[in-house]
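Computed from heavy atoms alone, side chains included, the values below leave out hydrogens, waters and symmetry copies. All residue numbers in this chain count up from 1 along the given sequence.
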Amino acid sequence: MTGVSGAAGEPPPSGTVVPPGERGATRIADRVVAKVAAQAAREAVGQLPPDAARPQATVVVRHEAARVRVHLELDFPSDVGARCGRVRHRVVQRVGALTGLRVPEVTVHVERLHLAAEYRAPQGRTR
């Protein structure tokens, strides 16, 4: 065996620079991006009622762009539109920063509104 390297299938010698076109690619699974998006939505929503489900996300990645759907529950009364806007902004920011993907679309589905305790009907029997 000679000291010559670089033949097909052999790793390049240490200290050499591999041209960008030959370095390969990194693929982040959709479910991983969805977990990042769900965590970002949790951060943006803030405090939720105790019986509310945690935000969930689904993602489709194509051509270096992630289209995200976030499903969440909110307390009511609150400014639902503003909270959804914060979720969209935070998801775009965090997914882009952590994965390097563009996020051209974030759809927020509010699945349920939880009525604040002071607005609920009294429980139990009334006379």
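Put simply, the side chain of Val70 reaches to within 4.5 Å of the side chain of Val91, judged on heavy atoms.
Evaluation of the salt bridge (charged side-chain N to carboxylate O under 4.0 Å, His left out) rule for Arg23 yields no partner, not counting sequence neighbours. Contacts of His89 classified as ring-ring contact (aromatic ring centres under 6.0 Å, His included), with partners at least two apart in sequence or in another chain: none. Scanning for side-chain contact (heavy atoms from CB on, under 4.5 Å) contacts around Val60 gives Arg62, with sequence neighbours left out.
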Task: Pair Val61-Ile28, side-chain contact (heavy atoms from CB on, under 4.5 Å): steps then yes or no - done: CA-CA 9 Å; Val61 178; Ile28 301 171; over 6 Å; no

Open item on the list: Let's go through Glu73 and Leu48 carefully: what are the C-alpha distance in whole Å and the side-chain angles of both, what is the deciding distance for side-chain contact (heavy atoms from CB on, under 4.5 Å) to 0.1 Å, and is it a yes or a no?
Closed with: CA-CA 8 Å; Glu73 298 180 7; Leu48 286 175; 5.8 Å; no

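Note that CZ of Arg69 is 15.0 Å distant from CD of Gln56, once rounded to the nearest 0.5 Å. Here the straight-line distance linking atom CG of Asp51 with atom NE2 of His114 works out to 5.0 Å at 0.5 Å rounding.
The existence of a salt bridge linking Asp75 and Arg83 is confirmed by a sub-4.0 Å separation between a basic side-chain nitrogen and an acidic carboxylate oxygen.
Pairing each heavy atom of Thr58 with each of Ala34, the nearest pair is CA-CB, 4.4 Å.
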Side-chain donor/acceptor pairs under 3.5 Å, residues 35-46, sequence neighbours excluded:
unit_1 : atom_1 : unit_2 : atom_2 : d
Gln39  : OE1    : Arg42  : NH1    : 3.0
Glu43  : OE1    : Arg90  : NE     : 2.8
Glu43  : OE1    : Arg90  : NH2    : 2.6

Report all side-chain donor-acceptor pairs from residues 95-103 shorter than 3.5 Å, counting only partners two or more places apart or in another chain.
unit_1 : atom_1 : unit_2 : atom_2 : d
Thr99  : OG1    : Val95  : O      : 2.5
Thr99  : OG1    : Leu101 : N      : 3.2

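Listed by first and then second residue, the ring pair (Phe, Tyr, Trp, His ring centres under 6.0 Å) pairs involving residues 53-74 are His71-His109 (not counting sequence neighbours).
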